[in-house]
Number of protein chains: 2
Amino acid sequence: MKRKITLKDIAKELDVSISTVSKSLKNNPEIGEDTRQKVQAFAKLYNYKPNNIAVSLLNQRTKHIALIIPEITHDFFTTVLKGVEEVAHQRGYNVLVCVSNESFEKEVLSMEMFAQGGIVDGFIISLSKETQLKDDYKHLVEVENQGMPLVMIDRVTDKVISDKVIVDDMRGAYTAVSHLVEKGCRRIALITTQDHISVGYLRKEGYKKALADHDLAVADALIVTVDHVDEAEDKIRQLVTNETFDAVLGVNEIFAVIAMKLLQEAGKRIPDEVAIIGFSDGKLLKYATPSITAVDQHGVEIGKAAAGMLIERLESDVTEENFRTTVITTSLVERDSTNLN
Amino acid sequence: MKRKITLKDIAKELDVSISTVSKSLKNNPEIGEDTRQKVQAFAKLYNYKPNNIAVSLLNQRTKHIALIIPEITHDFFTTVLKGVEEVAHQRGYNVLVCVSNESFEKEVLSMEMFAQGGIVDGFIISLSKETQLKDDYKHLVEVENQGMPLVMIDRVTDKVISDKVIVDDMRGAYTAVSHLVEKGCRRIALITTQDHISVGYLRKEGYKKALADHDLAVADALIVTVDHVDEAEDKIRQLVTNETFDAVLGVNEIFAVIAMKLLQEAGKRIPDEVAIIGFSDGKLLKYATPSITAVDQHGVEIGKAAAGMLIERLESDVTEENFRTTVITTSLVERDSTNLN
DNA sequence: TTGTACGCGTTATCAC
DNA sequence: GTGATAACGCGTACAA
């Protein structure tokens, strides 16, 4: 049950002053060779490490960053976390994770707590659904006003000026639909979320644009909007029952997988009768039978980029206000669900 | 770009002493009604919140806990994180996440850093594969010697005495196999990991015991040991090609899903010709076609229990050394992959 | 070459 | 009823 050893302990033990110990450990040339050696040996022996809290208090920076995500049981956010964690640790930062559970209130409270308590030096955040619905971003602005850097990822808003890392959602959807068209599909359904979710809106636009560019009509009946996961199955079943189509694009893994399941139950052969593509390259699509073609959002890269931008800003004393938006390019991972002719 | 406001700022502004301000904010009755009001009003106006770092320095506790997990892209660990985060935030603690990536070195370095820097008050850890292989737990003992509480979850070891939260792996496997037998299966295959992974060993034992109790022989040819995910497909394909069996138990989601995929490709009907059960109740099993029966490990519950135990110990000054092991009971989630007769 | 003193923000004790 | 002071652990400017 030995307590942590401090500079004071070493000083007393070696009968020198605290500052001598401090300087010795930092290889300050002011200190004589022999005392330095002695101190360093002793420190190593007792495994001395500076108390982070004291250093934080002194520097006014904790070397902690907060990652606020709406959900954790999504492969996408999981990989983002992985990327953030990797870069952060590389550069000597720790990651505090907060799951907002898509709740505006939890998001606000956590940010206030982290910011006002001086618990973290900066934020990486992906907005909750509720926040996007309310269209209220005071808490983000507040944090920025306190001089804390903020990087928004994936679910972002134009109403807050900050660094951002996003995916080219529109282009991802465009590419996916174009791929389906090239494979011969003509009636392509879309399963998406409400428009206030930024990425949902953008993906729908990409879908429409691709259809238009290929001289295909946009049929509203083929666009299903799912408000909540729980109703996904019902809504998609209606689509499968009432409409005919030869391809589906789901804006996330779950929608794509549910669509495939219902189609298979309805006796459709995948991909011959209906081809399928889903957003997010997670395990659900990879291990489905048949495996499902994916629009890979490169979550790890997003996380890495966001952490890099945040730390960059934290460590550059210059208060340049030139905020940047990094766009990660999606890529299409072709699998069996679009393996036609 | 307003800096954070401190007690000193308020004191100067209101022309009182720092301690008066501090006491007023804590509703100390020593302070006169009017000054208290004045101070509180001012503090609220400027949105004062005590600086956490200073408080930490004083109390020698950060109100942060570390969660160290081997992997994050596993639904199981993801749900554990969710449970930990929930309870921790409820009780005023923050969670630092560290992904060891199954690496002994990363696990050791992170723990040393968190512990020696005084960054966290305690640990929740699930051992990396490499650590279990090396059978080296010095870093855990070291942390305990420093007086920091430690709760091990899921992948634990008897060689370290600490609080633990585990799942009744043996019983879970036993129940799963029994279920298969009751459904009429007689030749039941097992896809598992190496024995040094504690949970792998226990699940194999449960499998064997269940077979024995039902007077069925254990056929070594039906037990596949997968060392690394990358070789899972090859190993399982050999099983499917060379052996005949009417059921499979996979010790995780991926093994179960891969098995089903290969069986389907081999023309087997699920569940009529081969029934399937997998460990971990994640999305892979739930959304598979057909949906796969699961041994639910209740990751969220494990996380909640672990966080509860850790915080309990952190907040009880009593240094009672009566370590406890909480066992979370698995439950069988019946789905289509075992829906026979 | 080494030591002293101060400050980071807070709280608790004690003096007035 | 209010204020001064010490302490938490560290780093650093300055004094010796």
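In what follows, every chain begins at residue 1, and chains take the letters A, B, ... in the order their sequences are listed.
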Please table the atom pairs, donor to acceptor, closer than 3.5 Å between any side-chain atom in residues 88-99 of chain A and protein atoms at least two apart or in another chain.
| from | atom 1 | to | atom 2 | distance (Å) |
| --- | --- | --- | --- | --- |
| His89(A) | ND1 | Glu85(A) | OE2 | 3.4 |
| Arg91(A) | NH1 | Glu312(A) | OE1 | 3.3 |
| Tyr93(A) | OH | Glu315(A) | OE2 | 3.0 |

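- When rounded to the nearest whole Å, the span between CG of Leu57(B) and P of dG9(D) equals 7 Å.
- With sequence neighbours excluded, the residues that form a side chain to side chain contact (heavy atoms under 4.5 Å, CB included) with His74(A) are Glu71(A), Phe77(A).
- Under 3.5 Å, the side chain of Ser19(B) and the base of dA4(D) form at least one donor-acceptor pair of N or O atoms.
- For the OP1/OP2 pair of dG3(D) and a distance below 4.0 Å, the side-chain nitrogens and oxygens of Thr20(B) include at least one atom meeting the criterion.
- One end of the helix from dT1(C)-dA16(D) to dC16(C)-dG1(D) points its axis 60° away from the other end's axis, with each axis taken from 5 pairs and the angle rounded to 10°.
- No side-chain donor-acceptor contact under 3.5 Å links Ser103(B) and Ser100(B).
- Rounding to whole angstrom units, NZ of residue Lys38(B) and C1' of dG1(D) are separated by 12 Å.
- Asn27(A) and Gln40(A) share a donor-acceptor pair across their side chains, judged by distance under 3.5 Å alone.
- Considering only side-chain atoms of Ala54(B), the nucleotide from dG11(D), dG3(D), dT10(C) that sits closest is dT10(C).
- The CD1-C1' distance, from Ile18(A) to dC8(D), rounds to 12 Å in whole Å.
- Ile53(A) has its CD1 atom 15 Å from the P atom of dT11(C), to the nearest Å.
- Residue Leu58(B) contributes atom CG, which lies 11 Å from atom P of dT10(C) at whole-angstrom precision.
- Within a heavy-atom distance below 4.0 Å of DNA chain C, the residues of residues 21-37 of chain B found are Ser22(B), Lys23(B), Lys26(B).
- dT12(D) atom P lies 8 Å from atom CG of Asn59(A), rounded to whole Å.
- The stretch residues 31-59 of chain B participates, sequence neighbours left out, in these ring pair (Phe, Tyr, Trp, His ring centres under 6.0 Å) pairs: Phe42(B)-Tyr46(B).
- Taking atom NZ on Lys12(B) and atom P on dT10(C), their separation rounds to 13 Å, with Å as the unit.
- Residues meeting the ring-ring contact (aromatic ring centres under 6.0 Å, His included) test with His139(B), sequence neighbours left out: Phe104(B).
- Taking atom CG of Asn51(B) as the reference point, atom P of dC8(C) lies 12 Å away to the nearest angstrom.
- In this structure Lys26(B) satisfies the side chain to side chain contact (heavy atoms under 4.5 Å, CB included) test with no other residue, sequence neighbours excluded.
- The side chain of Gln60(B) places an N or O atom within less than 4.0 Å of a non-bridging phosphate oxygen (OP1 or OP2) of dG9(D).
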Donor-acceptor pairs under 3.5 Å, side chain of residues 110-128 of chain B to any protein atom, not counting sequence neighbours: which ones?
| from | atom 1 | to | atom 2 | distance (Å) |
| --- | --- | --- | --- | --- |
| Ser110(B) | OG | Lys106(B) | O | 2.5 |
| Gln116(B) | OE1 | Lys49(A) | NZ | 3.2 |
| Asp121(B) | OD1 | Thr62(B) | N | 2.8 |
| Asp121(B) | OD1 | Thr62(B) | OG1 | 3.1 |
| Asp121(B) | OD2 | Thr62(B) | N | 3.2 |
| Asp121(B) | OD2 | Lys63(B) | N | 2.7 |
| Ser126(B) | OG | Ile153(B) | O | 3.2 |
| Ser128(B) | OG | Glu107(B) | OE1 | 3.3 |
| Ser128(B) | OG | Glu130(B) | N | 3.4 |
| Ser128(B) | OG | Thr131(B) | N | 3.0 |
| Ser128(B) | OG | Thr131(B) | OG1 | 2.7 |

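- Remark: Asp158(B) engages Lys164(B) in a side chain to side chain contact (heavy atoms under 4.5 Å, CB included) (not counting sequence neighbours).
- Remark: Tyr48(A) is not in phosphate contact with dG9(D), judged by side-chain N or O atoms under 4.0 Å from OP1 or OP2.
- Map Lys49(A) and Val16(B) each onto its nearest nucleotide of DNA chain D; the residue landing nearer the 5' end is Val16(B).
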